[in-house]
Amino acid sequence: MYLITNRKLSTRKKGLDVFGKTPNVKGPKELRLVKVERLNDQWVTTPVDDLLSKTDVKRLKRQHNLDIDVNERWYGSLEVACEIFTRAKNENKSILFFVHGYNNDVEDVINAALEIEALYNVIVVPFTWPANGGGAVSGTAAYLSDKSDARVSSPALDRAIEKVHGFHQVFTSASQASNRNKANQKHKDNPEAAAALFTRLTESECQVKISLLCHSMGNYVFKHVFSTTDRFSSNLVFDNICLVAADTNNHDHARWVEQLDVRKRVYLVINEDDSALKVSRIKPGREQKARLGHYLKNLSADNANYVDLTSSEGLGSEHTYFKGDTVKANTDIQKFFNEIFNGRAADDCLSYRPDLKAYRLN
């Protein structure tokens with residue numbers, strides 16, 4: 001598994017200890033890729049080298065038929081993208097970009113990603129930010145510490161999304177070029193027949209789907225990507241965006257949610273009884289506004305599909321209900337998330353409630 005992170009990396013340490021609890025020393029928008037494997041009951045971490053040699057770039061260009069300039073500076077992320085996209089295509093799997101929430105250390109993130117992969121047969125690429133719960137502090141101070149790290153991590157998330165978008169374009173262009181060449185070779189003297197064959201080839205081949213899951217305070221990081229017009233993420237590459245248990249204000253959320261650009265759907269999933277969001281709303285000496293992930297009023301974003309899971313069997317006061325005991329107890333919830341995480345519309349799982357301006361499971 002590969003992790004994208006803006007955490008400080010301590011290369012002198014081993015295992016998951018290489019991941020720090022503070023942002024990268026070069027700045028919170030600095031990104032690194034780290035390969036994580038489980039070998040002999042130990043976590044083995046390998047930071048991906050930044051700059052690729054021209055020889056490596058030529059090899060990747062040849063192996064994957066990429067339309068890239070080998071004289072440009074290319075980084076290790078290109079080789080990782082080749083590996084992930086090739087695996088997704090060969091195994092007919094979707095890619096799920098995952099932004100975790102508050103008080104998650106790196107092992108929590110990895111275990112969550114592995115469980116998601118097992119449940120939904122997808123390839124998970126986590127973006128992990130310094131959500132260590134405040135380190136030595138606890139309670140309200142820890143929560144506010146994570147909120148601060150979440151805000152400063154939004155430019156790094158923005159850059160990560162821009163990278164995903166760029167690599168997706170590279171691989172899509174390579175696939176289309178191959179199909180166009182096949183069509184033109186078969187129908188050299190018939191442009192109309194060549195165009196028709198190109199369309200059939202493109203539609204018939206496995207198209208890798210990419211979706212985004214933001215959980216809890218991960219939505220707060222994502223929201224702040226859209227707090228400025230000076231961002232990379234104006235045109236999103238995702239088939240679906242799933243905002244679960246969003247620990248951000250319900251108030252005025254349409255301003256940023258309506259900026260989300262997707263191929264299929266934006267799903268905003270709510271549990272009114274979410275105990276973690278109830279706790280996060282009220283802090284000693286201050287009160288936060290109603291949280292988006294547990295509030296069924298003011299559901300006003302025109303492009304969002306609001307999904308109320310509150311009364312679903314097995315949900316209760318759960319906060320992380322796309323995995324764990326909730327999906328074991330309720331296969332309908334698992335089916336719902338399976339459709340979304342695999343880049344499909346989950347319409348068949350849902351019934352609309354006009355009184356709520358939201359959907360519920362069938």
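To the nearest 0.5 angstrom, Thr45 atom OG1 is 6.0 Å from Phe19 atom CZ. Of the inter-residue distances, the one linking Cys242 atom SG with Asn219 atom CG reads 9.0 Å to the nearest 0.5 angstrom. To the nearest 0.5 Å, the span separating CD1 on Ile84 from NZ on Lys93 amounts to 12.5 Å. A distance of 11.0 Å separates CG of Leu60 from OG1 of Thr55, quoted to the nearest 0.5 Å. With rounding to the nearest 0.5 Å, the separation of CD1 in Ile340 from OG in Ser94 is 12.5 Å. Between the CG atom of Asn184 and the CG atom of Asn190 there is a distance of 10.5 Å, given to the nearest 0.5 Å.
Val208 and Phe98 fall into different hydrophobic clusters, where Ile, Leu, Val, Met, Phe, Trp and Tyr are joined by side-chain heavy atoms under 4.5 Å apart, directly or via other members. Hydrophobic clustering places Ile270 together with Val257 (ILVMFWY residues linked when any side-chain heavy atoms are closer than 4.5 Å, directly or through intermediates). Under a hydrophobic-cluster definition in which Ile, Leu, Val, Met, Phe, Trp and Tyr are linked whenever side-chain heavy atoms come within less than 4.5 Å, directly or via other members, Phe127 and Leu9 are assigned to different clusters. Hydrophobic clustering, with ILVMFWY side chains joined whenever heavy atoms are under 4.5 angstrom apart, groups Val262 together with Val125. No continuous path of hydrophobic side-chain contacts links Val221 to Val244 [ILVMFWY only; heavy atoms under 4.5 Å].
No side-chain donor from either of Thr248 and His253 sits under 3.5 Å from a side-chain acceptor of the other. Side chains of Asn24 and Arg7: no donor on one and acceptor on the other come within 3.5 Å. Under the 3.5 Å distance criterion, with hydrogens and angles disregarded, no donor-acceptor pair is assigned to the side chains of Ser275 and His319. Judged by distance alone, the side chains of Asn362 and Ser351 do bring a donor and an acceptor atom under 3.5 Å apart.
Tested against Ser10 for a side chain to side chain contact (heavy atoms under 4.5 Å, CB included), the candidates Lys14, Arg12, Lys13 yield a single pass: Lys13. Of the listed residues (Ile123, Val48, Val124), just one forms a side chain to side chain contact (heavy atoms under 4.5 Å, CB included) with Tyr2, and that residue is Val48.
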Evaluate side-chain contact (heavy atoms from CB on, under 4.5 Å) for Leu96 paired with Tyr120, printing each intermediate quantity in order. CA-CA 10 Å; Leu96 184 66; Tyr120 302 106; over 6 Å; no
Using the rule given for side-chain contact (heavy atoms from CB on, under 4.5 Å), can you reason through Phe171 versus Lys89, listing the C-alpha separation, both sets of side-chain angles and the distance that settles it, and then say yes or no? CA-CA 11 Å; Phe171 287 102; Lys89 190 169 184 178; over 6 Å; no
So Trp129 and Asn6, side-chain contact (heavy atoms from CB on, under 4.5 Å) or not? Walk me through it. CA-CA 6 Å; Trp129 52 283; Asn6 70 326; 3.6 Å; yes
Would you check, one step at a time, whether the test side chain to side chain donor-acceptor pair (under 3.5 Å) holds for Arg291 with Asn250? CA-CA 5 Å; Arg291 315 317 288 150; Asn250 170 284; over 6 Å; no
Run the side-chain contact (heavy atoms from CB on, under 4.5 Å) test on Leu3 and Arg32 for me, step by step, so that the C-alpha distance in whole Å, both residues' side-chain angles and the decisive distance to 0.1 Å come before the verdict. CA-CA 8 Å; Leu3 276 67; Arg32 291 298 306 273; over 6 Å; no
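The nearest pair of heavy atoms linking Gln334 to Leu119 is NE2-O, 3.4 Å. Summarising the geometry of Val109 relative to Pro126, their closest heavy-atom pair is CG1-CB, 3.7 Å, with the distance given to 0.1 Å. Here the closest non-hydrogen pair linking Pro155 and Lys29 is CB-CB, 3.9 Å.
Judged by distance alone, the side chain of Asn104 and the main-chain N or O of Tyr102 form a donor-acceptor pair under 3.5 Å. Under the 3.5 Å distance criterion, the side-chain polar atoms of Asn271 are matched with a main-chain donor or acceptor of Glu318. Between the Thr326 side chain and the Phe322 main chain, no donor and acceptor come within less than 3.5 Å of each other. A donor-acceptor pair under 3.5 Å is formed between the side chain of Asn111 and the backbone N or O of Glu107.
Enclosure of atom CG in Asp189 is not indicated, since only 12 or fewer non-hydrogen atoms of other residues, nucleotides or ligands lie within 6.0 angstrom. Atom CD of Gln63 has more than 12 heavy atoms from other residues, nucleotides or ligands within 6.0 Å.
At a threshold of 4.0 Å, the pair Lys264-Glu339 does not count as salt-bridged, since none of the basic side-chain nitrogens sits closer than that to a carboxylate oxygen. With respect to the salt-bridge test (charged N to carboxylate O, under 4.0 angstrom), the residues Asp332 and Lys335 do not qualify.
A search for ring-ring contact (aromatic ring centres under 6.0 Å, His included) contacts involving Phe337 returns Phe341, not counting sequence neighbours.
You'll find the ring centres of His64 and Phe85 outside the 6.0 Å limit.
Figure legend: Lys357 and Tyr306 shown without cation-pi pairing, the cationic atom not lying both under 6.0 angstrom from the six-membered ring centre and within 45 degrees of its axis.
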